[in-house]
Amino acid sequence: MDRVTAGVTAHARIVARADGRGGTALPVLDGDGPLALRRTRGSGDEARVMVVGAMSGPLGGDRFTLEARVEQGARLSVGSAAATIALPGQAKGEARYDVRLDVADGAELRWTPEQLISAGNSDLRVTTRAEVGSGGRLVLREEQVLGRAGERPGRLTSRLTLRVAGRTVLDQELACGPGAPGGWDGPAVLAGHRSVGQLVVVRPEFADRPIAARMLGECAALVPLPGPAVLVSVVAPDALTLRRLLERALTSFDRGNEPHRT
């Protein structure tokens with residue numbers, strides 16, 4: 001396809017399945033164009049996959065779709081080899097990046113890609129939809145950085161939807177940059193910060209041991225969701241600070257503790 005006039009359409013798909021020997025197989029690991037997938041060394045019964053950008057982008061007019069399904073008894077961890085940079089392109093219209101995650105009952109997915117950077121004059125819409133079975137487990141981390149060093153950001157619209165056991169427990173959208181609704185940079189949203197992130201954790205044990213809402217710092221908050229799930233939201237002046245705050249919260253969950261104010 002001619003990227004200059006129409007943009008690139010790319011689709012990648014991962015299916016993780018218990019292999020019957022205490023491990024996780026990947027019967028489907030298929031990516032094209034800029035969405036190349038590589039299996040890396042896992043640990044224990046977990047399979048690991050890296051998304052490797054084979055081209056720049058997404059650029060204006062591009063359409064990327066990334067799907068992952070984790071079947072019962074399987075464990076999958078997905079990361080990316082580098083940050084994703086939304087760039088302006090010669091093709092007209094916004095770029096789209098759609099992520100679809102499906103975690104079965106008794107399955108586990110850890111989705112922790114590197115940051116998404118909204119470069120100047122870019123226009124990107126990202127949608128992430130996660131469907132988790134009643135006994136499924138999910139860690140989902142999203143990080144957005146508005147502009148490279150010394151650069152004004154492009155327009156970025158990001159929507160995150162989470163369903164647990166068939167029930168929608170989170171559906172939020174954030175629009176930033178030129179052309180976004182007024183107030184996105186004000187005290188009620190980003191308050192002048194240029195990095196924003198979310199950490200979603202779904203675990204069955206939260207149903208028996210609910211976690212209370214609390215502030216985790218001046219610009220970080222933990223919010224329990226209506227189901228066995230929690231949301232940690234953070235704004236920060238830079239990508240390094242954002243990652244440190246999100247990782248601190250996730251480490252507390254992994255150790256079986258509740259995150260505390262930093």
Side-chain angles (χ1 to χ4, degrees), residues 7 9 57-66 83-101 111 113-131 140-163 167-200 213 215-226 229-243 245-246 249:
T9 298
L59 277 61
D62 288 353
R63 298 289 185 270
F64 294 176
T65 303
L66 182 52
T84 297
I85 304 178
L87 297 166
Q90 294 182 347
K92 295 182 179 180
E94 67 180 10
R96 294 289 304 265
Y97 200 137
D98 298 318
V99 176
R100 303 290 180 262
L101 309 176
W111 188 270
E114 294 300 309
Q115 298 96 344
L116 169 63
I117 301 173
S118 175
N121 299 314
S122 64
D123 186 358
L124 175 64
R125 175 177 291 272
V126 180
T127 62
T128 302
R129 298 179 184 174
E131 185 88 30
L140 186 156
R141 185 187 70 209
E142 287 191 339
E143 300 170 307
Q144 295 97 24
V145 179
L146 304 182
R148 293 169 291 192
E151 177 185 60
R152 290 177 56 84
R155 179 168 180 172
L156 175 64
T157 304
S158 177
R159 184 168 184 173
L160 173 60
T161 304
L162 171 67
R163 288 170 51 86
R167 179 187 183 188
T168 300
V169 301
L170 175 67
D171 192 353
Q172 67 176 24
E173 182 172 287
L174 176 65
C176 306
W184 67 269
D185 204 19
V189 187
L190 297 187
H193 292 88
R194 285 295 176 265
S195 297
V196 58
Q198 298 76 230
L199 174 69
V200 172
M215 294 298 296
L216 301 179
E218 182 180 355
C219 298
L222 183 153
V223 179
L225 300 175
V230 296
L231 169 69
V232 176
S233 297
V234 178
V235 295
D238 56 69
L240 290 176
T241 303
L242 177 69
R243 174 64 61 85
L245 293 171
L246 290 173

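Just so we're clear, the structure is a prediction, and the values are computed from it rather than from any experiment.
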Search all heavy atoms of [X] against all heavy atoms of [Y] and return the closest pair with its distance.
| X | Y | answer |
| --- | --- | --- |
| His193 | Pro237 | CD2-N, 3.3 Å |
| Pro153 | Pro178 | O-CD, 3.4 Å |
| Leu87 | Ala119 | CD2-CB, 3.8 Å |
| Trp111 | Val99 | CZ2-CG1, 3.6 Å |
| Leu225 | Val169 | CD2-O, 3.8 Å |

Nearest 0.5 Å please: distance from the [atom1] atom of [X] over to the [atom2] atom of [Y].
| X | Y | atom1 | atom2 | result |
| --- | --- | --- | --- | --- |
| Thr65 | Asp98 | OG1 | CG | 5.0 Å |
| Leu124 | Ile85 | CG | CD1 | 12.5 Å |
| Leu246 | Glu143 | CG | CD | 5.5 Å |
| Leu174 | Arg159 | CG | CZ | 13.0 Å |

Within a strict 4.5 Å, meaning less than it, do heavy atoms of the [X] and [Y] side chains meet?
| X | Y | value |
| --- | --- | --- |
| Arg243 | Arg141 | yes |
| Tyr97 | Leu66 | yes |
| Leu146 | Leu156 | yes |
| Pro113 | Thr84 | no |
| Arg100 | Thr127 | yes |

>> Among residues at least two apart in sequence or on other chains, which ones pass side-chain hydrogen bond (donor to acceptor under 3.5 Å, both in side chains) with Glu151?
In response: Arg148
> Under the side-chain hydrogen bond (donor to acceptor under 3.5 Å, both in side chains) test, which residues partner Arg129, sequence neighbours left out?
Replying inline: none
>> Under the side-chain hydrogen bond (donor to acceptor under 3.5 Å, both in side chains) definition, can you give me all pairs with a residue in residues 173-187, not counting sequence neighbours?
In response: Asp185-Arg194
> With Leu162, which of Val200, Asp171, Leu140, Leu101 fulfils side-chain contact (heavy atoms from CB on, under 4.5 Å)?
Replying inline: Val200
>> Surrounding CZ of Arg96 (heavy atoms of other residues, nucleotides or ligands, distance under 6.0 Å), is the total greater than 12?
In response: yes
>> Treating Thr157 as the side-chain partner and Arg125 as the backbone partner, does any N or O pair qualify as donor plus acceptor under 3.5 Å?
In response: no
> Between the main-chain N or O of Asp238 and the side-chain N or O of Thr241, is there a donor-acceptor pair closer than 3.5 Å?
Replying inline: no
